[in-house]
Amino acid sequence: MTDAGEITQLLGRLDQERGAAKEAVLEQVMPLVYGELKAMARGHRYRWDGFRSPGTTSLVHEAYLKLSSQAQFGFANRRHFYSVASKAMRCILIDNARWHGRQKRGGGDAPETFHDSMLVSAERSDELLALDEALSLLDEREPRLARIVECRCFGGLTVEETAEAIEVSPATVKRGWSLARTWLFRELRASSN
C-alpha cells in the first residue's frame, strides 16, 4: 500500500477508534505525515520570519497536538488532513503574532527575552495579524475562498492538492485563488490607510 493510501486508511480509522486504540492509530499516522507537516511549517517560518531559522519542529508539534486533541476527526483523506493542519498552523502563528503585539505594548507581564524558536518575527507579526483579520472577513463573505487561501498560503498545497482537500475542481481553485488574492490585497491596502 502506498503512503498516501495508508494515510487515508489510518485517518479513516480515527473516528472509529477510542482510547488506547485511537492513540495507537495516531502513533502510526505521525511518521507518515511528519515530513509533509515539516515542509509546511518550514514554508510558514520562511514566509513569516524572513529567513529559515529554528522552530519548524515546534510548529509541527504544536499543530499535531492541536489536531490530536480534537474529539472528532472526520478526515476524508490525507489532503483534507493537510488542509486542517494548515488551519491549525495558521491559528498557532496568529497566537504567536498576537503575543508579539502584546509585547510591543508592554504586555502587562515581565519582559521576556526573544528566543530563536519564536514562530513569527516581531517585525512581521503586524502583517500576519492584518492578513488574519482580512482572511476572517473573507471567511464571513466567501468561506470557500478563505479555505483556498488557507490551503495555498498556510498549507503550501498546490492547486490540485487544494482542489482535492476542499472537493472542488482545480479550475475553481485557480479562479478562487486569483479572486481571493485580489480581494485580500484591496482589503489590506484599505486597512493600512
Side-chain angles (χ1 to χ4, degrees), residues 1-48 52 55-96 119 131-132 135-136 138-140 142-181 184:
M1 183 182 309
T2 67
D3 279 349
E6 187 175 358
I7 292 168
T8 299
Q9 182 184 23
L10 288 169
L11 291 172
R13 286 182 41 206
L14 283 175
D15 278 335
Q16 301 164 1
E17 303 293 345
R18 300 285 177 251
K22 184 177 273 194
E23 292 297 320
V25 173
L26 283 170
E27 286 180 23
Q28 290 176 315
V29 169
M30 185 58 169
L32 298 174
V33 299
Y34 190 79
E36 183 74 24
L37 291 175
K38 188 89 168 177
M40 290 167 59
R42 197 171 9 266
H44 289 310
R45 290 300 314 253
Y46 183 73
R47 194 173 297 116
W48 296 111
R52 296 189 190 281
T56 56
T57 301
S58 300
L59 184 55
V60 168
H61 290 216
E62 288 290 325
Y64 194 77
L65 286 173
K66 193 175 202 76
L67 291 171
S68 65
S69 67
Q70 291 181 353
Q72 293 294 324
F73 292 93
F75 300 119
N77 53 41
R78 67 186 177 85
R79 286 295 156 212
H80 181 234
F81 171 81
Y82 293 132
S83 172
V84 174
S86 297
K87 189 171 189 86
M89 287 184 191
R90 171 187 171 199
C91 291
I92 293 163
L93 289 168
I94 296 304
D95 288 345
N96 187 260
L119 298 173
L131 175 60
D132 181 60
L135 192 53
S136 294
L138 180 61
D139 191 28
E140 290 173 11
E142 295 289 337
R144 181 190 290 170
L145 295 182
R147 294 297 82 70
I148 290 170
V149 172
E150 284 177 349
C151 289
R152 301 278 291 141
C153 182
F154 289 94
L157 301 181
T158 65
V159 168
E160 291 74 21
E161 291 166 340
T162 301
E164 183 182 340
I166 62 173
E167 299 176 342
V168 297
S169 72
T172 299
V173 170
K174 287 177 185 175
R175 283 189 305 272
W177 178 236
S178 178
L179 182 61
R181 285 186 317 183
L184 287 169

Please set out all donor-acceptor pairs under 3.5 angstrom arising from side-chain atoms of residues 28-37, sequence neighbours excluded.
none

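Without hydrogens or angle criteria, Thr162 side chain to Thr158 main chain gives a donor-acceptor distance under 3.5 Å. Of the possible polar contacts, none joining the Glu27 side chain to the Ala24 backbone as a donor-acceptor pair under 3.5 Å is found.
From Cys153, atom SG reaches atom CD1 of Ile148 across 13.0 Å, with rounding to the nearest 0.5 Å.
Counting only heavy atoms from C-beta outward, the side chains of Tyr82 and Ile7 approach each other to under 4.5 Å. Using a 4.5 Å heavy-atom cutoff, the side chains of Trp177 and Leu145 are not in contact.
Between Phe81 and Leu11, the closest heavy-atom pair is CB-CD1, 3.5 Å. Heavy-atom minimum distance, Glu150 versus Ser86: O-CB, 3.6 Å.
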Please report the C-alpha distance between Arg181 and Arg152 in whole Å, then the side-chain angles of each, then the deciding distance to 0.1 Å, and finally whether the side-chain contact (heavy atoms from CB on, under 4.5 Å) criterion is met.
CA-CA 11 Å; Arg181 285 186 317 183; Arg152 301 278 291 141; over 6 Å; no
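Every side chain to side chain contact (heavy atoms under 4.5 Å, CB included) that Ala165 has, sequence neighbours left out, goes to Arg79, Ser83, Cys151, Leu157. In this structure Ser136 satisfies the side chain to side chain contact (heavy atoms under 4.5 Å, CB included) test together with Arg90, Asp132, sequence neighbours excluded.
Around atom CZ of Arg144, no more than 12 heavy atoms belonging to other residues, nucleotides or ligands sit under 6.0 Å away.
Arg175 and Ser178 form no side-chain donor-acceptor contact under 3.5 Å, judged by distance and modelled atom types alone.
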